[in-house]
Amino acid sequence: MKTITQISLCFLLGITTAFPSGENPLETPIHTNTIHRFIPAVEAKSTDEARSLKKVFLSNRSVTCNDGSQAGFYLRKSHTSKRWIIFLEGGWYCYDHQSCQNRWLRQRHYMTSAQWPETRDVGGILSPNEDENPYWWNANHVFIPYCTSDSWSGSKATRDGMFNFMGASVVQQVVRDLVLLGLENSTDLLLAGSSAGGTGVMINLDPVQELLHDMLDLKHISVRGVTDSGWFLDRAPYAPTGKPAVEAIRKGMQMWQGKVPRRCRQLYQSEPWRCYFGYRLYPTLKSPLFVFQWLFDEAQMYADNVGAPVTKQQWDYIHKMGDALRQSFENVTAVFAPSCISHSILTKRDWQNVKIDEVSIAEALHCWEQQPIKYAGRKLRNSLLLTDQPSIVNQQIRRLLKTDHSTLEEKNSTNDNGEKGLNRKKRRKSRKNQQNTNNPKKNKNRKRKGHRLHHGEHRNRSNRMKHQSNSIKPTEHPRSQRSVLRTQKRSHQDCSHRRLERCSWPHCNHSCPKLHNPFTGDEMDIIELLKSFGLDMESVANALGIDMTTLNNMDQGELLNLLTQQTN
């Protein structure tokens with residue numbers, strides 16, 4: 001019986017880059033733009049056909065896929081909704097000449113639009129079926145195929161036969177084209193994506209908001225983001241690997257001419273590639289973001305090169321990986337993180353099945369989407385490279401976010417005598433106090449006014465506190481105590497935006513996606529799963545206070561309940 005990590009890696013090998021090749025990229029013809037022919041074509045189709053996502057090539061022919069073929073998107077318009085969802089497809093990336101050549105050989109569909117079908121049928125949050133997608137079935141749906149291999153961040157166009165990397169340009173052009181197709185009349189835009197597309201959401205969220213609000217003056221459109229399985233950690237891998245994720249991203253950003261949000265780039269000025277990692281990028285975002293992440297994500301396990309957990313060291317590393325992810329969510333205001341081994345969820349047909357405390361990802365996301373948006377605009381100052389520990393990074397970034405750059409410079413400035421200059425505000429305050437001292441009448445009136453305000457604040461304290469609790473800004477993160485994992489179940493009416501799994505070991509959630517042996521196709525039960533982790537089952541039975549016979553014959557649901565109670 002293979003271990004669960006071996007099963008995971010077998011799956012991941014199909015979505016990641018493989019081995020070197022010397023074949024040159026092929027050139028494909030540029031297709032004719034179809035944006036102006038889209039609406040008449042839809043009206044000519046039957047009702048069933050109109051429910052499909054229709055292919056539309058970008059109006060700007062210079063924005064292309066890796067091979068120079070024209071980029072585009074798939075669209076299903078709604079005539080009764082002003083809500084839009086733009087979804088970025090995932091599919092890993094390539095980061096140097098060798099990995100990109102190999103990707104061209106083995107996963108060419110991620111690098112060209114030459115074989116795109118006329119229509120696409122996407123499930124989950126882009127499904128038009130109300131049962132499958134109860135909250136967004138009638139929204140305007142946009143699916144952008146991934147054909148740039150750059151985590152949606154590139155801005156490199158070449159004319160020398162090499163690959164283009166224009167992911168960020170594709171996102172910007174799609175938004176511009178959608179404005180002509182009705183986006184300008186919308187009220188809400190949700191930018192979503194899975195895996196590399198989830199990373200792309202975080203990288204493009206603020207630029208999209210700035211494009212709509214500042215450049216196109218469409219400030220009435222609320223812009224939000226949801227990242228699915230794109231929240232990776234830049235940890236040291238368990239075992240040495242030829243292509244560690246951190247090194248690959250560093251090399252990739254240079255190759256792609258990658259663009260990251262300005263505020264994050266300012267924070268990591270010497271190493272901007274750090275902005276591809278969610279826990280570093282998130283605190284700098286102005287637009288609200290909802291994070292979905294499996295605590296034991298298959299892609300993170302692959303990136304960490306942990307291998308099959310057959311030793312205590314490997315098992316400890318996997319647990320630490322889950323703990324590190326938990327820490328990285330300390331200051332995330334909206335997160336849904338089940339303790340499962342899986343990868344991506346938003347476009348899966350059964351996406352509503354996964355739950356935490358009987359609340360599905362769809363319900364949690366819909367609940368979060370209802371809160372009002374208040375964009376924040378704090379200043380950042382340049383900093384040295386931050387530590388690799390997520391919890392410490394969160395603390396350091398919080399301090400930087402609270403520090404006004406201009407005040408800091410003034411405070412640290414020195415005069416000709418080498419003494420630190422006084423803060424201007426302090427000097428003004430000192431002069432004002434001196435004036436009040438010299439004017440007893442004015443000082444007396446000031447004291448009376450302050451006395452009245454004091455009592456006014458006392459009378460309105462409860463109302464003010466209630467108002468503040470309902471108006472958290474996207475970058476104003478709650479105290480860490482909010483993330484305490486409670487043992488009691490929450491009701492459906494509880495609109496909590498932070499849902500972290502209570503149990504800490506992989507696949508302890510009842511609703512985790514089923515795991516199957518890739519060789520036999522048989523579903524793996526909980527006993528097989530525990531054995532695959534290298535656990536001594538007699539020790540497990542002793543810890544639960546039962547004998548081995550009882551353990552082996554126990555109902556799966558009953559055993560899960562017992563194990564979850566033990567972890568609580």
**Prompt:** How about E501 and F296: do any of their side-chain heavy atoms sit closer than 4.5 Å?
**Reply:** no

**Message:** Is there a side-chain contact between L233 and L325 in this structure, where contact means two heavy atoms from C-beta onward sitting under 4.5 Å apart?
**Reply:** yes

**Message:** Here's one to test your reading of the geometry: is the NZ or CZ of R224 within 45 degrees of the ring axis of W368 and under 6.0 Å from its centre?
**Reply:** yes

**Prompt:** If you measure only the distance, is there a donor-acceptor pair under 3.5 Å linking the side chains of D177 and Q173?
**Reply:** yes

**Message:** Looking only at side-chain N and O atoms, does S151 offer a donor or acceptor that is under 3.5 Å from a partner on Y95?
**Reply:** no

**Message:** Measuring only between side-chain heavy atoms, which start at C-beta, is F277 closer than 4.5 Å to V246?
**Reply:** yes

**Request:** Flag yes if more than 12 heavy atoms outside Q370 fall under 6.0 Å of its CD atom; otherwise flag no.
**Result:** yes

**Prompt:** Quick one: salt bridge (charged side-chain N to carboxylate O under 4.0 Å, His left out) pairs with a partner in residues 131-153, sequence neighbours left out?
**Reply:** E132-R349

**Prompt:** Any side-chain heavy-atom pair from L281 and V260 closer than 4.5 angstrom?
**Reply:** no

**Request:** Taking the side chain as every heavy atom from C-beta outward, state whether E298 and I341 have any atom pair closer than 4.5 Å.
**Result:** yes

**Message:** When you measure from the side chain of Y74 to the backbone of P117, do you find a donor-acceptor pair of N or O atoms at a distance under 3.5 Å?
**Reply:** yes

**Prompt:** Who pairs with Y146 by ring pair (Phe, Tyr, Trp, His ring centres under 6.0 Å), at least two apart in sequence or on another chain?
**Reply:** W152

**Request:** Please collect all disulfide bond (SG atoms under 2.5 Å apart) contacts where either partner lies in residues 323-355, sequence neighbours excluded, each pair once.
**Result:** C340-C512

**Request:** Please say whether more than 12 non-hydrogen atoms of neighbouring residues, nucleotides or ligands are located less than 6.0 Å from NZ in K348.
**Result:** yes

**Within 45° cone and under 6.0 Å: R83 NZ/CZ vs Y135 ring** = no

